[in-house]
Visitor: 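What follows is a structure written as structure tokens; I'll ask about it next.
In this text the structure is predicted, and so the values were computed from the model without any measurement.
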Protein chains: 2
Amino acid sequence: MNGKITIRDVAKHAGVSPAAVSYVLNGINKVSDETKQRILKAVKDLEYEPNLTAVSLSKRKSNVIAVMFPLVNDSLVTMFKDNHYQSEMISGIEYVLRKNGYDLLISGVQSPSECMKWIRKRNVDGLLFLGVFPNRLYEEMKALSKPIVLVDTYDKYERYFNHITMNDEEGGHQATKHLIDLGHSAIGFIAHRMTNSPIDYKRFIGYEKALKAAGIKPCKSHVFEALDSSFENGYRMGKELLSRPHSMSAFFASSDTLALGIMKALQEEGKRIPEDYSIVGFDDLTFSSYATPSLTTVRQDVFNKGSVAATAIIQAIENDTTALQHIRLSTELIHRESTAKKKG
Amino acid sequence: MNGKITIRDVAKHAGVSPAAVSYVLNGINKVSDETKQRILKAVKDLEYEPNLTAVSLSKRKSNVIAVMFPLVNDSLVTMFKDNHYQSEMISGIEYVLRKNGYDLLISGVQSPSECMKWIRKRNVDGLLFLGVFPNRLYEEMKALSKPIVLVDTYDKYERYFNHITMNDEEGGHQATKHLIDLGHSAIGFIAHRMTNSPIDYKRFIGYEKALKAAGIKPCKSHVFEALDSSFENGYRMGKELLSRPHSMSAFFASSDTLALGIMKALQEEGKRIPEDYSIVGFDDLTFSSYATPSLTTVRQDVFNKGSVAATAIIQAIENDTTALQHIRLSTELIHRESTAKKKG
DNA sequence: TTGAAAGCGCTAACAT
DNA sequence: ATGTTAGCGCTTTCAA
């Protein structure tokens, strides 16, 4: 039951050499149809499963993809917390890899050398980087011979790696246009951080373009930086927004968590959403639809993003075309209860 | 740079045999201190990293732990969605494994044979099952020779596997006692499902015991089944609770998602939380503290749960004591805004 | 068409 | 204390 049936056993059972079995299993057309059938039967009979460790050693290919997360405080937790985002992405990745006979290794990494280790130690066939890593890591990775796919990273490295991003500019545009269409013209944009975050910057560009297209002059005093994307910071921003006189009637926040925090602060100050203020988020977290009012947001299909990333890396591994893939996925505006026609 | 430095290269560089290098690397005390230093230096000089595939083949130990998720609709997504729970657990697992030199393989599985495959194919050293799988899977796994740790599963298999659970009865007790202490006596319990879910049943037992301890007679009409733990179902339950006359002034829901759904429904019907109804959840999801009002709940330390699970499997692998581990972790009541003293 | 045998890189029993 | 060597299970060249 717990036996270790090897290729030898199968060979013996079929009255052939191990080599013949290997040929059949690898689809190498070197064996007569008759013996092939005999071998296949032996495989079935013995419930033979090739030992992938041995295969890996021999072929120098492991069929393992490593998914790398940046480490914060030496653990993945900050990455994962607050966000079903990463988990849904993993689901997408796992799905595609499983369907294609690859296995999924997960690890947090901090230094480039750690990645090297993965390649050397585990012989992984490809690396998937989720999120933003220290710059030097990318620098060193350039030299790597294994396929790499970056998800959600700086364009800066476009020239060196495959990568998958969302169309953040489009998303920013959708959110802003939605508010404009509802009659809002003084629209605040709350970024996570503007400098140093190409993602937020893209969303900002979309925001600006939508305003201009509607003949509204963007106003610097309507743009804010929350400094991180936590609920707490959104809450603080919300309080701050109300603490000064302003003309804004709508806010577009660069993440749902931020938007939810803002919303809570405004409500606490006695403001009604969407009657007094309309709010749009970005991401479409599960809980955004549970909030009161439910949050209008720019949705990313994260499962899909994971699938696409996995598909890309498999392609990069299996086709040895050197062409890098740059895939930009679309966003979608989800209209819920937190936005409404401007009063008056 | 991209070289494949083998143990042979190191041996040559140090002027010794491959065996000597292997001994040093594996801490086998068979080498003079002097040559040991020489070997260590060679390892450094050449930046040698052992090829784990080869090690694995040779030692018949891979230092890989497979984490299994049940597949729903052929993907992990339903598992992960709605719930930072699983991701936080993975963080905990990853942390401990990484610190102990193990790698983390993730896969969705449906059938027992798939697990067997993992063991045979990848030579994994241990299996971690997260969540609830088809029964036949457990049945077949009994025969397995590799260490297995179950997280959050039926006690039914206690005799066969290691497992980690929360003290659900304690949790149910804490939640109920908290409400009783606030002056509530007619307390509704909303289970995910009572039959077939040992977890919810345990929480129910805790609920019942707390009532009895306070001299309150449990009332069947105060116990409800939502049938799943979704927000939507909680919402539906909330509406239903109000649709009939009743005396309840507080609710204890078996998950935060459910509690949040109930809360939204009650609020929509014009009820104020906690003035009209107190509500307690279970889990302490991140978003529970963001809700308005923020949710009082029974907290599970999920990162810790993951760490404990990982520690347990490593122990099971490395010590060959046959004693199974059954670890029950404590819960903690988090008092927030959704509960208050009963009026009047 | 088939098979013998030499690796893949490392470990461990056995000799020296 | 150190080295030799036969595996681990599979692939693949080369010869038959």
Visitor: Hey, is A:Asp301 close enough to A:Lys305 for a salt bridge, meaning N to O under 4.0 Å?
Guide: no

Visitor: Output the rounded distance in Å from CG (B:Leu57) to P (D:dG7).
Guide: 14 Å

Visitor: Out of curiosity, B:Ile93 CD1 to B:Phe303 CZ, how far, rounded to the nearest 0.5 Å?
Guide: 10.0 Å

Visitor: Mind checking what makes side chain to side chain contact (heavy atoms under 4.5 Å, CB included) contact with A:Lys142, not counting sequence neighbours?
Guide: A:Glu139, A:Tyr157, A:Tyr160, A:Phe161

Visitor: Name the pairs: protein N/O against N/O of nucleotides 2-4 of chain D, kept only if under 3.5 Å.
Guide:
| from | atom 1 | to | atom 2 | distance (Å) |
| --- | --- | --- | --- | --- |
| D:dT2 | OP1 | B:Ser32 | OG | 3.3 |
| D:dT2 | OP2 | B:Ser32 | N | 2.6 |
| D:dT2 | OP2 | B:Ser32 | OG | 2.9 |
| D:dT2 | OP2 | B:Thr35 | OG1 | 2.7 |
| D:dG3 | OP2 | B:Ser17 | N | 3.0 |
| D:dG3 | O6 | B:Tyr23 | OH | 2.9 |

Visitor: Say you draw a straight line from CD of B:Glu94 to CE of B:Met89; how long is it, rounded to the nearest 0.5 Å?
Guide: 14.5 Å

Visitor: D:dT11 phosphate, OP1 or OP2: any side-chain N/O from A:Ser22 under 4.0 angstrom?
Guide: yes

Visitor: To the nearest Å, give me how far apart CD1 (B:Ile28) and C1' (C:dC10) are.
Guide: 12 Å

Visitor: Please state whether the phosphate of C:dT11, meaning OP1 or OP2, lies under 4.0 angstrom from any side-chain nitrogen or oxygen of B:Asn26.
Guide: yes

Visitor: Under a 3.5 Å distance rule, please check whether A:Asp125 uses its side chain to pair with a backbone N or O of A:Ile65 as donor and acceptor.
Guide: no

Visitor: Side chain of B:Ser58, base of D:dG7: donor and acceptor closer than 3.5 Å?
Guide: yes

Visitor: Considering only side-chain heavy atoms of A:Ala54, which listed nucleotide, D:dT11, D:dC10, C:dT11, is closest?
Guide: D:dC10

Visitor: Rounding to an integer number of Å, can you tell me how far A:Ile39 CD1 sits from C:dG3 P?
Guide: 8 Å

Visitor: Whole angstroms only, please: what is the NZ-C1' distance between A:Lys12 and C:dG3?
Guide: 15 Å

Visitor: Measure the acute angle between the ring planes of B:Tyr138 and B:Phe129, then classify it against the limits of 30° and 60° as parallel, tilted or perpendicular.
Guide: tilted

Visitor: Run the side chain to side chain donor-acceptor pair (under 3.5 Å) test on B:Thr35 and B:Ser32 for me, step by step, so that the C-alpha distance in whole Å, both residues' side-chain angles and the decisive distance to 0.1 Å come before the verdict.
Guide: CA-CA 6 Å; B:Thr35 48; B:Ser32 76; 2.9 Å; yes

Visitor: Compute the angle between the rotation axes at the two ends of the helix from C:dT1-D:dA16 to C:dT16-D:dA1, each taken over five pairs, rounded to 10 degrees.
Guide: 50°

Visitor: In whole angstroms, how far is the P atom of C:dA13 from the NZ atom of B:Lys59?
Guide: 12 Å

Visitor: Rounded to whole Å, how long is the line connecting atom CG of B:Asn123 with atom P of D:dC8?
Guide: 13 Å

Visitor: Using 4.0 Å as the upper bound for N to carboxylate O, is an ion pair formed by A:Arg38 and A:Glu34?
Guide: yes

Visitor: For a quick check of understanding: with a heavy-atom distance under 4.0 Å over all strands, which category does A:Arg60 fall into, base, sugar-phosphate or nothing?
Guide: sugar-phosphate

Visitor: Within this structure, what is the CG-to-P distance between A:Leu25 and D:dG9, rounded to whole angstrom?
Guide: 16 Å

Visitor: In whole angstrom, give the distance that lies between atom CG of A:Leu52 and atom C1' of D:dT11.
Guide: 14 Å

Visitor: Could you check whether A:Lys121 pairs with B:Asp103 (Lys NZ or Arg NE/NH1/NH2 to Asp/Glu carboxylate O, under 4.0 Å)?
Guide: no

